[in-house]
S.K.: 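One structure, pasted below without further comment.
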Amino acid sequence: MRRFTCQCQTDQPLFFENDRCLSCGREAGWCFQQQDMLVTEATKTPGLLQWQTQLYCRCANHAQGACNALVAVEPDYDPATPVLCFACHFNQNIPDLSIPGHADLWSNLEQAKRRLLYTLMALDLPLPDKQQSPQGLSFHFLSDKDAADHFRTPLTHMGAVFTGHSQGDITINLAEADDVARHRMRVSMGEQYRTLLGHFRHEIGHFYWDLLIRDNPELLSRFTGLFGDPDLSYQAALDAHYQRDPADTSWQMSHISAYATMHPWEDWAETFSHYLHMIDTLETARSWEIRSHMGLRDETTASVADMALPQDGPGTYGIGDILDNWLHLSVILNALNRSMGQDDAYPFVVVEPVQEKLAFVHEVLLGARVHSSVG
């Protein structure tokens, strides 16, 4: 994530989730069209804001506290007409906001989703929706009647909701947006790491496998060589995975996580999510000038988009440099967390077979760049 500032004071921080500057009070928000945080001026018309010469309105979901996005509109726009931002237009199902607490949990989901889309757009990846393709992207944020932990909903008409992906549809169980419920699930599953943003990055990996690899014979052949046969029975693999011995850590020699061993699809999705973890965190570190103070290599670049450039000319570099910088930065992150009495921020070991898989992810995404813009 880049570092954003407001012009009201020298270096006044403006964070990605802000809807106003905490110093000067002016309304602010993320604009997908501009790919930037904008600090706006009020207009004479309630509901209309201005940045430079362009008029903007709030995403309709701002009224529920779920979205801080600004949407460019024409001068004749009626502020009484609700408009959804680029991120919210992918929503097919949102939580029942009549249930206490659901609005806050939905806000958590939307924050994570906007961060995901920020990175995907910075990488110039295709983001088709259901209007463009039946396999296009959509999100379903649902809750179930059997939510176990302290988080529980009274939705007795609904069965269990499983976080996952199918034909472009990404479903996230609302309970994953609840910190206590998610922590208890992580502990009960013996997982090293479980975050809401991590879920989004994992599931979008499945989406891009379908979009970029499944129907490409050359990439599919290379995928099979690195990750395994994708035609293996998923149900059989799932059953075998949950019968494994939790004490067996042999997976660490070839996979990024224990879950990655379950099936080649899951190995891809786990590796894909870690690729996004790396480039987004490296961008944050560079943007906040951690490199100059903590010794990150000079090749660390200023933006996610820069990190996606191939090694084909001066000032550009590839996955080797990303990994070198990441391995250095992750040690710093873990040391900082331990100093605060927290678990490691990145409790993973990126062994050589995983690095080869990350290199494949990097190459696939380079080949998928579309240089698209949001209209």
Side-chain angles (χ1 to χ4, degrees), residues 1-8 11-43 47-73 77 79 82-91 94 103-125 127 129 137 139 141 170 172 177 195-197 200-201 204 276-277 279-284 286-288 302-307 371-375:
M1 181 62 63
R2 306 198 317 267
R3 183 184 182 189
F4 307 104
T5 59
C6 180
Q7 62 270 33
C8 67
D11 235 17
Q12 173 61 36
L14 190 65
F15 295 98
F16 187 67
E17 292 78 17
N18 287 157
D19 63 2
R20 65 180 60 250
C21 173
L22 298 180
S23 177
C24 68
R26 283 185 293 172
E27 292 200 51
W30 175 254
C31 178
F32 282 98
Q33 288 107 327
Q34 295 292 334
Q35 284 289 283
D36 205 354
M37 285 292 293
L38 308 183
V39 181
T40 64
E41 303 292 344
T43 69
L48 280 181
L49 302 166
Q50 185 168 335
W51 179 76
Q52 296 185 355
T53 61
Q54 175 66 52
L55 293 175
Y56 292 85
C57 71
R58 287 287 184 188
C59 174
N61 289 332
H62 182 261
Q64 287 78 36
C67 186
N68 74 334
L70 296 167
V71 183
V73 294
Y77 166 72
V83 176
L84 291 177
C85 72
F86 180 72
C88 290
H89 101 280
F90 287 106
N91 291 349
I94 65 170
D104 289 340
L105 297 176
W106 182 36
S107 177
N108 294 342
L109 286 163
E110 293 294 344
Q111 286 184 18
K113 186 182 72 179
R114 286 195 302 279
R115 281 187 171 261
L116 170 73
L117 294 175
Y118 164 91
T119 305
L120 299 179
M121 294 182 72
L123 290 172
D124 284 327
L125 295 180
L127 283 165
D129 58 26
L137 182 63
F139 291 95
F141 301 142
I170 291 178
I172 306 288
T195 68
L196 190 53
L197 183 54
F200 277 93
R201 288 172 171 168
I204 204 70
L276 297 189
H277 291 336
I279 61 172
D280 191 48
T281 308
L282 281 169
E283 181 186 49
T284 304
R286 174 62 177 84
S287 188
W288 286 88
S303 72
V304 165
D306 288 338
M307 288 188 204
H371 304 287
S372 60
S373 62
V374 176

S.K.: Check ring-ring contact (aromatic ring centres under 6.0 Å, His included) between Phe15 and all other residues, then give those that pass, not counting sequence neighbours.
M.R.: none
S.K.: Can you list the residues that meet the side-chain contact (heavy atoms from CB on, under 4.5 Å) rule with Thr43, with sequence neighbours excluded?
M.R.: Thr45, Leu48, Gln50, Leu55
S.K.: Rounded to the nearest 0.5 Å, how far apart are CG of Leu22 and CD of Gln12?
M.R.: 7.0 Å
S.K.: side-chain hydrogen bond (donor to acceptor under 3.5 Å, both in side chains): which pairs involve residues 53-70, sequence neighbours left out?
M.R.: Asp19-His62, Glu27-Arg58, Asn68-Arg114
S.K.: For Phe200 versus Leu109, what's the shortest heavy-atom pair and its separation?
M.R.: CZ-O, 3.5 Å
S.K.: How far apart are the closest heavy atoms of Gly65 and Ser107, and which atoms are they?
M.R.: O-OG, 3.0 Å
S.K.: Quick one: CG on Leu105 to CD1 on Ile172, what's the gap to the nearest 0.5 Å?
M.R.: 13.5 Å
S.K.: Could you pull out all residues at least two apart from Arg26 that satisfy salt bridge (charged side-chain N to carboxylate O under 4.0 Å, His left out)?
M.R.: Glu41
S.K.: According to salt bridge (Lys or Arg N to Asp or Glu O under 4.0 Å), does anything in residues 61-71 pair up with another residue at least two apart or in another chain? List the pairs.
M.R.: none
S.K.: Could you tell me the separation between the CG atom of Leu137 and the CG atom of Leu120, rounded to the nearest 0.5 Å?
M.R.: 8.5 Å
S.K.: Tell me, please, which residues at least two apart from Phe90 pass ring-ring contact (aromatic ring centres under 6.0 Å, His included).
M.R.: Phe86
S.K.: Roughly how far, to the nearest 0.5 Å, is CD1 of Ile204 from CG of Leu125?
M.R.: 9.0 Å
S.K.: Once salt bridge (charged side-chain N to carboxylate O under 4.0 Å, His left out) is applied, do any residues pair with Arg115, and if so which ones, sequence neighbours excluded?
M.R.: Glu17
S.K.: For the residue pair Met1 and Phe4, what are the closest heavy atoms and their distance?
M.R.: SD-CE1, 3.7 Å
S.K.: Measure across Leu14 and Cys6 and return the closest heavy-atom pair with its distance rounded to 0.1 Å.
M.R.: CB-N, 4.2 Å
S.K.: Looking only at heavy atoms, which two atoms of Ala28 and Cys21 are closest? And how far apart?
M.R.: CB-N, 4.3 Å
S.K.: Would you please name every residue forming a side-chain hydrogen bond (donor to acceptor under 3.5 Å, both in side chains) with Asn91, sequence neighbours left out?
M.R.: Glu110, Lys113
S.K.: Applying side-chain contact (heavy atoms from CB on, under 4.5 Å), name anything that partners Thr281, two or more places apart in sequence or on another chain.
M.R.: Trp326, Leu329, Leu333
S.K.: Residues two or more places apart in sequence or in another chain: which of them pass side-chain contact (heavy atoms from CB on, under 4.5 Å) with Pro82?
M.R.: Ala60
S.K.: For the residue pair Cys57 and Val71, establish whether any side-chain heavy-atom pair is separated by less than 4.5 Å.
M.R.: yes
S.K.: Does any part of the side chain of Gln52, heavy atoms only, come nearer than 4.5 Å to the side chain of Leu38, both counted from C-beta?
M.R.: no
S.K.: How many angstroms lie between OG1 in Thr119 and CG in Leu276, if you round to the nearest 0.5 Å?
M.R.: 6.0 Å
S.K.: Kindly write out the residues that satisfy salt bridge (charged side-chain N to carboxylate O under 4.0 Å, His left out) with Asp104, not counting sequence neighbours, or none if the list is empty.
M.R.: none
S.K.: Just jot down the side-chain contact (heavy atoms from CB on, under 4.5 Å) partners of Gln35, sequence neighbours excluded, or say none.
M.R.: Trp30, Phe32, Met121
